[in-house]
Amino acid sequence: MNDFLKMDVQEEMAEFWQEETAIGVVEIILILVVLISLVLIFKKQLTALVRGIFAQINSAASGIY
C-alpha cells in the first residue's frame, strides 16, 4: 500500500509541474515590464551614472598608459 501511495504522489507532482508552466511565462513578462518601466523612469539618472563610471574608468586608464 505504501508503494501505491508513493506512485500517486509522484503522479500528482508531475501533473502539478505540467500545469504551472504558463505562470512562469507571465511572471517573466511582468518582471520585464517592471524593469523596462524603471529604466524609462530613471533614464536621466542612469545615463549620468554610466557616464560618470566611464569617465572614472577612462581617467584611471589614462594614468596607466
hydrophobic_cluster_shared for V50 and I53, side chain cutoff 4.5 Å: yes
If you look only at distance, which donor and acceptor atoms sit under 3.5 Å apart when one is on a side chain in residues 33-46 and the other is two or more places apart or in another chain?
| unit_1 | atom_1 | unit_2 | atom_2 | d |
| --- | --- | --- | --- | --- |
| S37 | OG | V33 | O | 2.8 |

Matching residue for I28 among V26, L32, V25 - test: side-chain contact (heavy atoms from CB on, under 4.5 Å): L32
